[in-house]
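Note on naming: letters A, B, ... go to the chains in the order of the sequence lines (proteins, then strands), and numbering restarts at 1 for each one.
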Protein chains: 2
Amino acid sequence: MVTIQDVAKAAGVSAMTVSHVLNDHPHVRSETRARVLQAIADLDYRVNVAARNLRTGRTGTIGLAVPEVDRPYFGQLAAEIIAAAARHNLKVAIEQTGASREGELDALALSRNRLYDGLILSTVGLGPTDTDLLKVDYPIVILGERIFDGPVDHVAMPNVEGARAATAHLIERGCRHIALVDGGAQGEEVNVSSLRYTGYRQALDEAGITFDPRLVAPTARFTMEGGAAAARRLVDGEADVDGVFCVTDTVAIGVLRGLADRGVRVPGEVKVIGFDNIAEGAYTVPSLSSIDPDHSLMADTAVRFLARRIKEKGGKREVAREFVSHFTVVARESTAAG
Amino acid sequence: MVTIQDVAKAAGVSAMTVSHVLNDHPHVRSETRARVLQAIADLDYRVNVAARNLRTGRTGTIGLAVPEVDRPYFGQLAAEIIAAAARHNLKVAIEQTGASREGELDALALSRNRLYDGLILSTVGLGPTDTDLLKVDYPIVILGERIFDGPVDHVAMPNVEGARAATAHLIERGCRHIALVDGGAQGEEVNVSSLRYTGYRQALDEAGITFDPRLVAPTARFTMEGGAAAARRLVDGEADVDGVFCVTDTVAIGVLRGLADRGVRVPGEVKVIGFDNIAEGAYTVPSLSSIDPDHSLMADTAVRFLARRIKEKGGKREVAREFVSHFTVVARESTAAG
DNA sequence: TTGTAGGCGTTATCAC
DNA sequence: GTGATAACGCCTACAA
C-alpha cells in the first residue's frame, strides 16, 4: 500500500505538504503542488479514508434509516437524499428498519458508534415515550412528525392539510360516501395515519357530510396488498362508497387493483385519490390522483439541516428547527368527473 | 469521548482485556468479562469504528452501485442486497451511477479509496474496452453480463433464455405479431437489450414466425415513460400487433399505460409480458405477466461471492466465478387467453 | 488468562 | 510556504 509518506519521498517534500495539497490548503507554491500531484499520479496514491476519519473524527457518511427501500416512496426518497447529500460531499448509507421500533433503535445505535456523522431517521415505530433516546449529542434529523419535544430537527409533510385537500377534492368531484383506507388506530398517537385521518374528518365536517365509521378500512401496513384487501372489504360491505382517500399512493395502487377485482369502475363508480405522488401514479390505469408534498424540497431540507448540525460540532448548538413542506393536489384520471 | 482505556481503568483491567471482550475472544474469565461489560454499560462506551478500521484494514461496509434506487427493480434489488449483507455483518452504502460510464467509474474509485471492503456493481455503462479497470486488487462482483474476460466474479440473469420463454409464452397464448419494446442498439454490444433481443428472435424462429423489424420499438432508457411512448408508436404504426414483450417490467407498466391511452384492450386485443417480476406487476390493471429471475437468490449469491473475496485477503486468489440465475414464467392477466 | 509495546496513515499544531 | 512532532483509538504480536 502506498502511503502519504511514499508520495512525500517521491516528490521530495514532507508528508504535511502532501496533506496540504490533498486538502486544497492555500499556502502551497504552485510549483510544489504540481510536483506533489505528479507523484500522486505516478504512484497511483489513494488516501486511506479510515486513517483520515480517525484523525478528523468525521466519516463523510450519513445514515438514512427508512422502513424499506423497496417501497416506491422510500426508494424515491432515498434517491433524492443521496442526490442532496452529494451536493454536500456526503455519502449515504441506508439502513432498513423494517418499520419497527427495534430497527429504528438499531439505526440510532449505529450513529453512536460514529459510523456516520449524522442520521436522517424516517420514524414509524418510535413514540413519545422514546423521547430520551433522541437526546443525544450527535446530529439527527427526523423525517416525520414532531412527536417529540426534544431538541431535534424535524422535516414533516403537511399531513393534515394534504389529507383535507385530498378529501375535499373528492367532494368537489361529487363524492358523498368517501371511504378512508388507512393504517388504523386513529387518534391514539400522533403519526401519519392519525394526522391524515384528522384531515379527512375535517374535510367531511367542512362539507357537512356525516362521518360513517363503516367507511374506514384499516390496513395493517402501508402495502399494495393491504390496499387491495381493504378495497374488496369496502365493496363487499353494506355501506355505499363513491370515493376513497388512501393514506399513501402505494396503498392506493392496491385499492385500484382491489376495485378491479370486484369489477368496480374507476372513476365512473368510485373515485380514488392517494398521497405522496410517487412516480408510478402517473402510469397506473386509471392514472392516480394524489397529493404531492414536494419530496425534493423535503430531502434537500433534511440534508441541509443535518449538514448544519454536523458543521456546528462543539460550538454553540442552534435551536431545533422544523420544516413543514407545502403540497399540491395532482388531479389525474382516478378522480376525473363523470 | 470515552475510550477503551477509560473502560479498562473503570473495570480494573488492561485495554487489551476490554478489546478481547469486545471481539468475543474466548480466553477471558467470565467474571472478568462481566466486570468489563458492566464498565462498558456504566460509561456508555462505544467503539470508535474509524480506529478499528484503521487498525484492521477493513470497514465492514460494502458499496452497491446501481443506476438509480428509485426504479423499482433496483430498489427491490437493493433491499435484498442489504438484507443479504446483514447476514454477513456487512453494511451497504449505495452509490447511484445514473446509468452512465462515468458514474460507474466513480463507484470503482471509491473502493480504491478503501471506503468499502468491496463493491457490487450493477453495470450498464461499462463496456469491453473498460476491462482493464476491473483488474484491480480489491473485491468486486459484477451484477450483469459477463462482458469481460477479466478475473471478476459475475452474477447474471438468464437473459436469453428468459426472453425466449417470455416470447414463447405469448406465442403459446396465440400471438403472431409480437412487438419488442427494448433499449435499442441490438447486437452491437453484449448487454441486457441485446441478449433479450436474441431470446426474442430465437423464440420467433422456433415458432416459424417471420421477424418484422417494424415491430421493434426502442426506448432510450428503461423507463415507464419510454414504454408508454413506444406503445403509442406501435399502435399508431402500420404493422399489426397482438403481443408485446417488454425488456423490463418498468417498461411494461409504461406499455400498459400507452395502450390504455390508445384505447387498446389488454389482454383482449394485445397481450403484454415483461421481465423482472417486480412487486408492482401483481397490482397493475391488468396484472402483468413476467419472467421471475429469483432476485433473492441473485442478491444472496452476489453478497456471498463478495464476502468470500473479502475473506480471501492476501492469501491465494480463487478463480473467478459466475452464477446465472434460473427463472420462472409468471402468467397473470396481461397474457390471459381470449 | 491477562498485560505491554508499538504502530496502522493521517492531520493539527506550531515552529521555522 | 514548508516541515517536525505528536496524537487520534484501536488491535496484532508477543511476553508474562
Round to the nearest Å and state the distance from A:N53 atom CG to D:dG9 atom P. 13 Å
Remember a base hit wins even if backbone is also touched, and classify B:N23 as base, sugar-phosphate or nothing at under 4.0 Å, heavy atoms. sugar-phosphate
Return the 5'-most residue of the pair B:A15, B:L54 with respect to DNA chain C, ranking by each residue's nearest nucleotide. B:A15
Here the distance between atom C1' of D:dT5 and atom CE of A:M16, to the nearest Å, is 11 Å
Which salt bridge (charged side-chain N to carboxylate O under 4.0 Å, His left out) pairs, counting each pair once, include a residue from residues 91-100 of chain B, with sequence neighbours left out? A:K91-B:E95, A:E95-B:K91
May I have the distance from B:M1 (atom CE) to D:dC8 (atom C1'), rounded to whole angstrom? 9 Å
On DNA chain C, compare the nucleotides closest to B:S14 and B:A51; which residue's is nearer the 5' end? B:S14
Can any side-chain N or O of B:Y116 pair as donor or acceptor with the backbone N or O of B:L64 at less than 3.5 Å? no
Checking side chain to side chain donor-acceptor pair (under 3.5 Å) against A:D153, which of A:R304, A:R309, A:R321 comes through? A:R309
Round to the nearest Å and state the distance from B:L22 atom CG to D:dT12 atom P. 12 Å
Expressed as a whole number of angstroms, how long is the span from A:H20:NE2 to D:dG3:C1'? 9 Å
Can any side-chain N or O of B:T97 pair as donor or acceptor with the backbone N or O of B:A65 at less than 3.5 Å? no
A:R35 atom CZ, neighbour heavy-atom count above 12 within 6.0 Å: yes
OP1 or OP2 of D:dC8 under 4.0 Å from side-chain N/O of B:N48: no
Nearest whole Å is fine: how far is D:dG9 C1' from B:K9 NZ? 14 Å
Between the base of D:dC10 and the side chain of B:R55, is there a donor and acceptor pair under 3.5 angstrom? no
Between D:dA4 (P) and A:I4 (CD1): distance, integer Å: 14 Å
What nucleic acid atoms does B:Q5 come within less than 4.0 Å of, heavy atoms only: base, sugar-phosphate, or nothing? nothing
Specify the separation, in whole Å, of atom CZ of B:R58 and atom C1' of D:dG9. 19 Å
Any side-chain heavy atom of B:R58 within less than 4.5 Å of one from B:I310? yes
Distance test, side-chain N/O of B:R52 to OP1/OP2 of D:dC11, below 4.0 Å: yes
Within 6.0 Å of CZ in B:R221, more than 12 heavy atoms from elsewhere: no
Boundaries of the chain B footprint along DNA chain C (any atom under 4.0 Å from a heavy atom): C:dT1 to C:dG9
Phosphate OP1/OP2 of D:dG3 contacted by A:T17 side-chain N/O (<4.0 Å): yes
